[in-house]
Number of protein chains: 2
Amino acid sequence: MLLKLDLQSEIPIYTQLRNQIIEGIGRGDLKYGDALPSVRNLASDLGINLHTVNKAYTLLKQDGYIQVHRQKGVVVNPEGMPPIDEDFLNKIKDEFRPIIAECLCRGMSKEEVSLIVKQIYTMIKEKGR
Amino acid sequence: MLLKLDLQSEIPIYTQLRNQIIEGIGRGDLKYGDALPSVRNLASDLGINLHTVNKAYTLLKQDGYIQVHRQKGVVVNPEGMPPIDEDFLNKIKDEFRPIIAECLCRGMSKEEVSLIVKQIYTMIKEKGR
DNA sequence: ATATCTGTTATATTATATATATAACAGATA
DNA sequence: TATCTGTTATATATATAATATAACAGATAT
């Protein structure tokens with residue numbers, strides 16, 4: 001799977017990594033049980049530090065997206081993705097909220113915002129072809 | 001207008017301020033031309049530093065949400081909100097994207113995501129009553 | 001006029017977050 | 001036995017966030 005970094009971005013590298021791996025899973029590029037590169041290999045490939053990759057993996061592990069086995073390596077959670085529970089919904093609501101508020105502030109209708117969101121959903125899903 | 005801060009949050013104080021003011025405008029609590037507290041008064045009321053408020057105001061000014069007059073004070077932009085241009089759409093797409101990817105990753109359908117977004121839109125808009 | 005209120009700018013300090021650099025440990029594998 | 005895992009521990013450099021004082025210059029009220 002191809003990972004691209006913007007080292008000049010204000011978004012931390014470990015966050016960029018985390019987001020792209022999640023997007024890869026969501027799109028289907030990465031399937032349940034698929035192996036991810038070792039922290040050292042990925043860091044080397046990307047020209048960044050081992051600990052930066054490790055931080056991204058740690059976050060993904062904490063959320064249940066991947067499993068990390070001491071000596072086997074890193075894999076996308078073979079048991080599937082974590083459930084859509086209350087905690088998750090509250091988290092994404094907190095993340096969505098300020099963006100939607102800004103849309104509302106500029107006069108976008110509920111339908112316009114909804115349409116943009118649907119377009120992004122489709123764009124993510126179809127990018128793998 | 002009531003502003004609440006979570007000093008323990010990982011979200012910077014100036015970002016919390018910015019977001020809440022934008023939400024206030026979007027909801028209609030703050031109307032075009034309405035005065036905002038001076039940097040010193042608001043900082044004092046919230047128990048934070050003047051520069052933290054000033055940073056929030058500077059961001060809001062840069063985006064065209066408020067106007068700052070040297071001696072008159074701070075007001076919500078009387079000419080209305082900035083337009084929904086290409087730059088704005090690209091910005092919110094970049095912000096929406098990782099959240100939507102995570103929804104997709106957990107198996108939420110396009111309609112489920114869209115529904116949540118609509119609910120948040122309504123929630124923001126109706127909170128002022 | 002003078003005191004007070006604006007936003008603004010400058011400087012310094014502290015704390016935290018981000019990213020890197022080395023090194024070592026312990027289990028698994030070739 | 002050498003090599004590959006993730007993990008942990010330190011140390012360092014840089015950037016960001018937040019605070020603390022201080023001063024400036026224009027406007028306003030007394």
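We use all heavy atoms of the structure for the numbers below, so side chains are in, but hydrogens, waters and symmetry mates are not.
- Cation-pi check for A/Lys110 over B/Tyr121 is not met; the charged atom does not lie both under 6.0 angstrom from the ring centroid and within 45 degrees of its normal.
- Across all non-hydrogen atoms, the minimal contact from A/Cys105 to B/Ile25 is SG-CG2, 3.5 Å.
- Here A/Asn41 reaches the OP1 or OP2 of D/dT5: one of its side-chain N or O atoms lies under 4.0 Å away.
- Atom pair B/Leu17:CG and D/dT19:C1' shows a separation of 15 Å (rounding to whole Å applied).
- Atom CD in A/Glu10 sits roughly 18 Å away from atom P in C/dA17 (whole-Å rounding).
- Comparing D/dA22, D/dA17, C/dA19 by their closest approach to the side chain of B/Pro12 singles out D/dA17.
- Comparing C/dT20, D/dA17, D/dG6 against the side chain of A/Val39 picks out D/dG6 as the nearest.
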| query | What's the verdict on salt bridge (Lys or Arg N to Asp or Glu O under 4.0 Å) for A/Lys91 and B/Glu102, showing C-alpha distance, side-chain angles and the deciding distance? | reply | CA-CA 11 Å; A/Lys91 193 193 77 162; B/Glu102 203 164 347; 2.7 Å; yes
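- Rounded to a whole Å, the CG atom of A/Asn49 is 15 Å from the C1' atom of D/dG6.
- Side-chain contact between A/Leu42 and A/Val39 is absent, with no heavy-atom pair separated by less than 4.5 Å.
- Of the side-chain N and O atoms in B/Tyr14, none sit less than 4.0 angstrom from OP1 or OP2 of D/dA18.
- Rounded to whole angstrom, the span from the CG atom of A/Leu5 across to the P atom of C/dT20 amounts to 9 Å.
- Picking from D/dT19, C/dA21, C/dT8 the nucleotide with the shortest atom distance to the side chain of B/Lys61 gives C/dT8.
- Residue contacts for B/His69: at a heavy-atom cut-off of 4.0 Å it reaches the sugar-phosphate backbone alone, with no base atom in range.
- A 4.5 Å side-chain heavy-atom check between B/Tyr14 and B/Leu60 finds every atom pair outside the cut-off.
- Distance from the side chain of B/Arg40 is smallest for C/dT6 among the nucleotides C/dA21, D/dA22, C/dT6.
- In terms of position along DNA chain C, the nucleotide closest to B/Ser38 lies nearer the 5' end than the nucleotide closest to the other residue of the pair B/Ser38 and A/Leu7.
- Side-chain contact between B/Lys93 and B/Phe88 is absent, with no heavy atoms from C-beta onward closer than 4.5 Å.
- Comment: B/Glu23 engages A/Arg97 in a salt bridge, judged by a side-chain N to carboxylate O separation of less than 4.0 angstrom.
- Looking at DNA chain C, the stems built from 3 or more consecutive Watson-Crick or G-U wobble pairs, each pair with its key distances under 3.5 Å, are C:1-25 with D:6-30, C:27-30 with D:1-4.
- Between B/Thr52 and D/dT19 there is a side-chain N or O to OP1 or OP2 distance below 4.0 Å.
- Atom-to-atom, CG of B/Leu59 to P of C/dT8 comes out at 12 Å; the value is rounded to the nearest Å.
- If you measure from atom CD1 of A/Ile48 to atom P of C/dA21, you get 11 Å, rounded to the nearest angstrom.
- If you check distances only, the side chain of A/His51 does reach the base of C/dT22 with a donor-acceptor pair under 3.5 Å.
- Position along DNA chain C of the nearest nucleotide to B/Val74 versus A/Lys72 favours B/Val74 as the more 5'-ward residue.
- Side-chain proximity of B/Val68 to D/dT7, D/dA22, C/dT8: nearest is C/dT8.
- One can place CD1 of B/Ile13 at 13 Å from C1' of D/dT16, the figure rounded to the nearest angstrom.
- Distances shorter than 4.0 Å separate some side-chain N or O of B/Asn54 from OP1 or OP2 on C/dT8.
- A 4.5 Å side-chain heavy-atom check between B/Gln119 and B/Leu115 finds at least one atom pair inside the cut-off.
- The separation between B/Arg18 atom CZ and D/dA17 atom P is 13 Å, rounded to whole Å.
- Within 4.0 Å of A/Tyr57, counting heavy atoms only, lies no atom of the nucleic acid at all.
- Nucleic acid contact for B/Lys55: sugar-phosphate only, since backbone atoms but no base atoms lie under 4.0 Å from a heavy atom of the residue.
- Here CG of A/Leu3 is found 6.0 Å from CD1 of A/Ile21. Values are rounded to the nearest 0.5 Å.
- Side-chain proximity of A/Leu50 to the nucleotides C/dA21, C/dG7, D/dT7 is greatest for D/dT7.
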